[in-house]
Number of protein chains: 2
Amino acid sequence: METHHTFPAALNIAAVERDTGLSKDTLRVWERRYGFPVPERDANGDRLYPASQVEKLRLIRRLIDQGKRPAKIIGASTEELLALIGDTPDSRAAAATDIPMLQYVRLHRGAELAAALRQALLRQGLQRFAAETVAPLNEAIGEAWMRGEIDVPEEHLYTEQVQNVLRGAIGTHVGSGTRPRVLLTTFPDEEHVLGLLMAEATLVAEGACCLSLGTRTPLPDLRTAAVDGNFDVVGLSFSAAYPARQAIDDLLQLRAMLPASIAIWAGGSAVQGKQKRLPGIRVIEGLEDTIAVLGEWRAAPRHDLNA
Amino acid sequence: METHHTFPAALNIAAVERDTGLSKDTLRVWERRYGFPVPERDANGDRLYPASQVEKLRLIRRLIDQGKRPAKIIGASTEELLALIGDTPDSRAAAATDIPMLQYVRLHRGAELAAALRQALLRQGLQRFAAETVAPLNEAIGEAWMRGEIDVPEEHLYTEQVQNVLRGAIGTHVGSGTRPRVLLTTFPDEEHVLGLLMAEATLVAEGACCLSLGTRTPLPDLRTAAVDGNFDVVGLSFSAAYPARQAIDDLLQLRAMLPASIAIWAGGSAVQGKQKRLPGIRVIEGLEDTIAVLGEWRAAPRHDLNA
DNA sequence: GTCACATTTTGTCCAGGACAATGATCATGA
DNA sequence: TCATGATCATTGTCCTGGACAAAATGTGAC
């Protein structure tokens, strides 16, 4: 049955950049410094990475995301790297958590996952669904990813199904005309959408009037949209993968670009606990905190109520 | 009121790559060959692009996407470029089409757009909504983008709202257990999701059992997911931006990777009319054609009905 | 008009050097 | 013992300038 050939013999450097997330520059400088990867060359002298090296690069990338240093692991064999993944300190504790929905993701049971999510939504209502089902599940997925238990397609499947359920629910809450008017998006380097959807779900459930621009909005465009759209608040979401340092810089830059009458709310792992370093910005410490922040805003005296 | 400074003085080359979609290599080689852009330099000799040059680069990028050649337009002033955009042959004809929903997008009326979409969905049902409302609207948005009438945030807003409505509707059609089982996704270089959602909507409305992995699934992962998940069909979606040549190569490569028992369906502008160059692959010529293709599959004799 | 062929244009890749930001290490003081 | 700061090593990104193949364009024969 396995007569059909599976992969092309080798990938060029651009394809490897796509597949591994390692930049072309990084791939070349690793080759120079560490002696890995050492790709073949085509007739023109261009690099051609065999699938085995790409596979190893993917493992290395994962370990680096976990905090390992390239020099320490780049010499290891594929087997040693596999052993290293899922051998983090908190691995055993986390592996114990046995959420059924996580099993559906592992086993590619998209339909069952969707059904379970929908059932949870019906039982809990939108707000508790986001806070008590999606948020913990998100975390569990992140940890399973770290442990190497799930891969790209599982994560995609998960994101798709959660999106279907959350977006369907968000759609049923119209809430136009209410206040505050919140513009939601992420910065150009942040492509994770689930945090944004969870925030939107929580906010619309509380009667805020949300408009989401999705992910990756360029800063100048964000400014224009916020000012022209007469928004009260701009909400930004950051995943754990976003460098905290850059999040702070970007937020302060946005703060300088927007008039003081527009509040900025920032949520997600990357900004958690950074309130003191973010003057003029309200850090949302967790989904539950969203409601408190919303209450704050509504309680605060405002200049433009008649605007 | 405009006392706050709007932009940082200049962007580094990585930020310009993000904002314009032009690779670092391209930016450097243009500077060498055409004398534009000519960025400032920081203390370390690194390029710093002023906002004005980035703006011009964005215009150039748009014109290139419309088919212009860099050498022909790179010398023009920002004003001349602006005049060039929206001066394409079919511009006048297209500008005449005056869909109300397109107005909502132009004016950032997210709530109104969502309401109009939802109303259309209720009136038409999922299938006709996809074919008769979303598809033409998509095309109109694409043309408005070409003409420079809408920009990144408008396009984001549109995509978000359509996603909310389509995903909500898709979610209500469970259809697990029915055949065929269709695995939907896009290739790693295709990030447009609306085509995929429209296909999914049409298929679930016809009782197919769809599972979407979202966009950008690596080929090896796609193969594993299709085989392990016991799917009958793998469906791929291509936007107009996808190079037709690459679409054909990628599809044939996927065909070689998958067992013959799994059908491949491909849809979208990039593959339209390419059926004869894609043996073993069923090209879907339009949303309406989807239903015909589904009927074909169901009518065809199969070896594995008892699988 | 349409096909084949020559020529120009254009994006991507290469090598190898440099540097700043980040992380690790270690000494110092509370 | 633990925090704080200085020093050193690591690492990703940017640089220059050269090369080449794929795509687009132009040219001529039919």
Side-chain angles (χ1 to χ4, degrees), chain A residues 10-49 57 60-75 188-189 241-250 270, chain B residues 10-49 57 60-75 188-189 241-250 270:
Chain A
L11 305 180
N12 64 19
I13 197 169
V16 176
E17 177 178 43
R18 256 205 297 92
D19 273 25
T20 64
L22 300 164
S23 77
K24 295 173 183 124
D25 274 326
T26 300
L27 289 166
R28 285 193 277 254
V29 87
W30 280 9
E31 184 178 341
R32 207 193 310 166
R33 283 194 192 135
Y34 311 121
F36 182 89
V38 188
E40 332 247 313
R41 299 296 178 127
D42 68 7
N44 190 33
D46 290 6
R47 290 170 173 79
L48 284 180
Y49 295 82
L57 285 169
I60 291 172
R61 174 62 204 266
R62 278 206 181 190
L63 286 163
I64 288 175
D65 287 345
Q66 286 180 32
K68 296 272 193 308
R69 309 295 309 264
K72 299 285 173 62
I73 55 173
I74 207 163
D189 283 330
Y242 208 89
R245 171 63 175 276
Q246 202 192 333
I248 292 169
D249 289 354
D250 293 350
Chain B
L11 304 179
N12 64 20
I13 196 169
V16 176
E17 177 178 44
R18 255 204 300 89
D19 273 25
T20 65
L22 299 165
S23 77
K24 295 172 183 126
D25 274 326
T26 301
L27 289 166
R28 285 192 277 253
V29 88
W30 281 8
E31 184 178 342
R32 207 193 311 165
R33 282 193 194 137
Y34 312 120
F36 182 87
V38 188
E40 331 248 311
R41 299 295 179 125
D42 68 7
N44 191 32
D46 289 7
R47 290 171 173 79
L48 284 180
Y49 294 82
L57 285 169
I60 291 172
R61 174 62 205 267
R62 277 206 182 189
L63 286 163
I64 288 174
D65 287 345
Q66 286 182 32
K68 296 273 193 307
R69 311 290 310 263
K72 300 284 172 65
I73 55 173
I74 206 163
D189 283 330
Y242 208 90
R245 171 64 175 275
Q246 201 192 333
I248 292 169
D249 289 353
D250 293 349

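All values below come from the heavy atoms of this structure, side chains included, with hydrogens, waters and symmetry mates left out. Just so it is clear: chains get the letters A, B, ... in the order the sequence lines come, proteins before strands, and each one is counted from 1.
By the ring pair (Phe, Tyr, Trp, His ring centres under 6.0 Å) test, Y49(B) is found to be paired with no residue, residues two or more places apart in sequence or in another chain being considered. Residues meeting the side-chain contact (heavy atoms from CB on, under 4.5 Å) test with D25(B), sequence neighbours left out: S23(B), R28(B). The side chain to side chain donor-acceptor pair (under 3.5 Å) test applied to R41(A) returns E31(A), not counting sequence neighbours. Legend: residues meeting side chain to side chain donor-acceptor pair (under 3.5 Å) with D189(A), ordered by chain and number and at least two apart, are Q246(A), R18(B). Take D46(A) and apply the side-chain contact (heavy atoms from CB on, under 4.5 Å) test, not counting sequence neighbours, and it matches D42(A), N44(A). Every residue meeting the side chain to side chain donor-acceptor pair (under 3.5 Å) condition with E17(B), not counting sequence neighbours, appears here in chain and number order: K24(B). Listed by chain and number, the residues in a side-chain contact (heavy atoms from CB on, under 4.5 Å) with V38(B) amount to none (sequence neighbours excluded). Partners of R61(B) under the side chain to side chain donor-acceptor pair (under 3.5 Å) rule, at least two apart in sequence or in another chain, are D65(B).
Residue R32(B) is classed as a base contact, given a heavy-atom separation below 4.0 Å to a base.
From the 5' end on, the contacts that DNA chain C makes with chain A at under 4.0 Å to a non-hydrogen atom open and close at dC13(C) to dA24(C).
Comparing the end axes of the helix from dG1(C)-dC30(D) to dA30(C)-dT1(D), each fitted to five base pairs by superposing C1' atoms of four pairs onto the next four, gives an inter-axis angle of 40° (nearest 10 degrees).
Residue R47(B) places at least one side-chain N or O closer than 4.0 Å to OP1 or OP2 of dT16(D).
Taking each heavy atom of L48(A) and P39(A) in turn, the nearest pair found is O-CB, 3.4 Å.
Contacts between residues 33-46 of chain B and DNA chain C, counted as heavy-atom distances below 4.0 Å, involve R33(B), Y34(B), N44(B). Annotation: proximity of residues 16-29 of chain A to DNA chain C (heavy atom, distance under 4.0 Å) is found for K24(A), R28(A), numbered in ascending order.
If you measure from atom CD1 of I60(A) to atom P of dT10(D), you get 17 Å, rounded to the nearest angstrom. Atoms CD1 (I248(B)) and P (dA22(D)) sit 16 Å apart, rounded to a whole Å.
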